[in-house]
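Single-structure report; data block below.
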Amino acid sequence: MENTTEIRKKRVLSMIQPTGMFTLGNYLGALKNFVALQDDYECVYALADLHAITVRQEPAAFRKNTLSAYAMMLALGIDPEKSIFFIQSQVPQHAQLAWVLNCHTQFGELSRMTQFKDKSAKHADNINAGLFTYPCLMAADILLYNADYVPIGADQKQHLELARNVAERFNGLYSPTFVVPEGLIPKTGARIMSLQDPTKKMSKSDENTAGFITMLDTPDQIMKKFKRAVTDSEACVRYAEGKDGINNLMGIYSCITGKSYEEIEKEFEGHGYGDFKTAVGEAVVAELGPIQKRYNELIRDKAYLEKCYSEAAPRAEAIARRTLQKVMKKVGYLPQKG
């Protein structure tokens, strides 16, 4: 039973798309931090499967990827008792509020979204309306749960700013309704770059599979990819401008071991890049091993996974419904009876 004498923890909301296995970049940049946040905040997490269809999905693969992503999040340490961890499409209020927010968001605001421009260029044969308006759905995701904080990376600041603007606009028109969320910059974590082109973010959509590590890569695959990682000709392990490849490897090693860049430089003083790449690869293998073991147990237990997400959706919907009812009333919709 909830202890009502405790001060309410601040609420954090974060969602991730289930479009293929997560990468090491997803893990070190965000997901590892999701687990840590559960101790200090009331966490609401979800798989953003409504967002996923802005890019055409093959239905059977989509279902498989969603289940796989759910199992991986649990394997990472998302605790369905501590946190609400649901699947977005199972809470219809997301789509309902998104429509209302579409009508309170200006065309010009959406046309300035850099991710729309990037994704339109990548998917020129399918520039659909959802691709243009999905920041409104993202705003609905956040505002439905009165989230105090949203963990963000550099590429998500623009979307959070839009959610804040829409919330403030709605509050100004109809009286205070939404909590205006703030960004939460993770204490730990890094922007992990491609192992083959360290000027670009690590991405599972990279055509060069040697550029990214997935959470289910085997130890052999991981070691091979790190040994082939792009570096430079200096052969000195130090963090410096122009050393993008080594800076990236140092970031990965630092995230996993907790060592500072200065400590890493001392550890590998007098060693070549071969030794350093091996050490980074071994650290990643050791980090992912227990996660992969737990994932393999969970993905075989479909009944448990179904129980978790089936119980989470009503918990999420209970919060979302209250917010949506307030919104509908303030906009002027007739109340639904029964």
Can [X] and [Y] be counted as having a side-chain donor-acceptor contact under 3.5 angstrom?
X      : Y      : value
Tyr27  : Glu287 : yes
Asn146 : Arg11  : no
Gln93  : Thr323 : no
Tyr253 : Glu267 : yes
Asp197 : Thr199 : yes
Tyr261 : Asn247 : no
Asn208 : Asp206 : no
Lys330 : Thr177 : yes
Asp49  : Gln17  : no

Original post:
Taking the side chain as C-beta and beyond, is there a heavy-atom pair between Leu31 and Ile16 under 4.5 Å?
Top reply: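 In short, these two side chains touch, coming nearer than 4.5 Å.
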**OP:** Indicate if Ile256 and Leu288 have the same hydrophobic cluster label, given that clusters are the connected sets of ILVMFWY residues with side-chain heavy-atom separations under 4.5 angstrom.
**Re:** yes
Subject >> Single-linkage hydrophobic cluster, 4.5 Å side-chain cutoff, Leu324 and Leu334 together >> reply: no
Original post:
Do you know which two heavy atoms are closest between Met138 and His51, and how far apart they sit?
Top reply: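 Met138 and His51 have their closest heavy atoms at N-CE1, 3.5 Å.
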Original post:
Would you call the rings of Tyr145 and Phe86 parallel, tilted or perpendicular, where under 30° means parallel and over 60° means perpendicular?
Top reply: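 Tilted, since the angle between the ring planes falls between 30° and 60°.
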Original post:
With under 30° as parallel and over 60° as perpendicular, where do the rings of Phe178 and Phe170 fit, or are they tilted in between?
Top reply: tilted
**OP:** Salt-bridge test for Lys82 and Asp39: reply yes if a basic N is under 4.0 Å from a carboxylate O, no otherwise.
**Re:**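 A salt bridge links Lys82 with Asp39.
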Original post:
If you measure from the Lys or Arg side-chain nitrogens to the Asp or Glu carboxylate oxygens, is any gap between Asp217 and Lys225 under 4.0 Å?
Top reply: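 Looking at Lys225 together with Asp217, the answer is yes, because their closest N to O distance falls below 4.0 Å.
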Original post:
Asn26: what forms a side-chain hydrogen bond (donor to acceptor under 3.5 Å, both in side chains) with it, not counting sequence neighbours?
Top reply: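 For Asn26 the side-chain hydrogen bond (donor to acceptor under 3.5 Å, both in side chains) partners, ignoring immediate neighbours, are Thr23.
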Return a table of donor-acceptor pairs under 3.5 angstrom between the side chains of residues 98-106 and protein atoms on other chains or two or more places apart.
unit_1, atom_1, unit_2, atom_2, d
His104, ND1, Val100, O, 2.8
His104, NE2, Tyr174, OH, 3.0
Thr105, OG1, Leu101, O, 2.6

